Structures are given as structure tokens and as C-alpha cells.
Amino acid sequence: KIENVRHVDTDAEKWNYCDVLIDDSPESFENKPDGKISIKISKEYNAYSTADYSFDNISAVFGELFLIKVFHPEKYEEIKSKQEKKD
């Protein structure tokens, strides 16, 4: 469900409207403010861009465990700890 759509003139402006940005634009990653999370969809043209997380395709972003890791890190650590004890 999409609640809010914004059209911006520059890649840097994207960060004014989100805390987590999924993108492939190198300029978006270069302009990432502190305290925000960047998720890169890897392409040849952004190979040298740094991001907090990188995936080869957008579908990988929507895994339940990954979303918990990004939005609820404390719960993620708890789940991983429980999984390790089972193994």
C-alpha cells in the first residue's frame, strides 16, 4: 500500500521524504544523510556506489526477515539468536 508519492527534481531531494530509500541512482547514495538507510539495487552503473544494503533485484528487498532487520533491528537479533540455538 502506497500512502505518499512525491515527485522531486533532484536525487538529493528524495531524502527529504523518507528514512529508507530503495534506489539504483548513484547520486542518491552520494547524497545520503546520516541516520538514513540506503538500499541499492545493483546495476553496472552504480557498482562503485556504497549503500547500507545491496541486492541484485527488487524482490529480494521484500523478504520478511530483511524487513525486520531494517525496521526492527532488536527483534531481528532476537530471531537470529533463537535460530542459532536451534542449529
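All of these numbers come straight from a predicted model, not from anything done at the bench.
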Going by the rule side chain to side chain donor-acceptor pair (under 3.5 Å), which residues pair with [X] if we only count those two or more places apart in sequence or in a different chain?
{"X": "E30", "value": "none"}
{"X": "E77", "value": "none"}
{"X": "S81", "value": "none"}
{"X": "K14", "value": "D11, D23, S28"}

Mind checking salt bridge (Lys or Arg N to Asp or Glu O under 4.0 Å) for [X] and listing every partner two or more places apart, or none if nothing turns up?
{"X": "K82", "value": "E78"}
{"X": "D24", "value": "none"}
{"X": "E13", "value": "none"}

Within 6.0 angstrom of K36 NZ, more than 12 heavy atoms from elsewhere: yes

What residues, two or more places apart in sequence or in another chain, satisfy side chain to side chain contact (heavy atoms under 4.5 Å, CB included) together with [X]?
{"X": "T50", "answer": "none"}
{"X": "N4", "answer": "R6"}
{"X": "Y76", "answer": "L65, I68, K69, K80"}

Listed once per pair and sorted, the salt bridge (charged side-chain N to carboxylate O under 4.0 Å, His left out) pairs that draw on residues 43-65, sequence neighbours left out: K32-D52

Note, S49 side chain near K40 side chain (heavy atom, < 4.5 Å):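 S49 reaches K40 side chain to side chain.
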
Note, I37 side chain near V70 side chain (heavy atom, < 4.5 Å):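 In contact.
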
Hydrophobic cluster identity match, F71 and L21, side-chain contacts under 4.5 Å: no

Donor-acceptor under 3.5 Å (N46 side chain, S42 main chain):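 No, N46 side chain to S42 backbone: no donor-acceptor pair under 3.5 Å.
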
Pairwise ring-ring contact (aromatic ring centres under 6.0 Å, His included) hits with a residue in residues 7-53, at least two apart: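 Pairs touching residues 7-53 that pass the test: Y53-F66.
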
Working for side chain to side chain contact (heavy atoms under 4.5 Å, CB included), residues I22 and I41: CA-CA 7 Å; I22 302 170; I41 304 304; 4.0 Å; yes

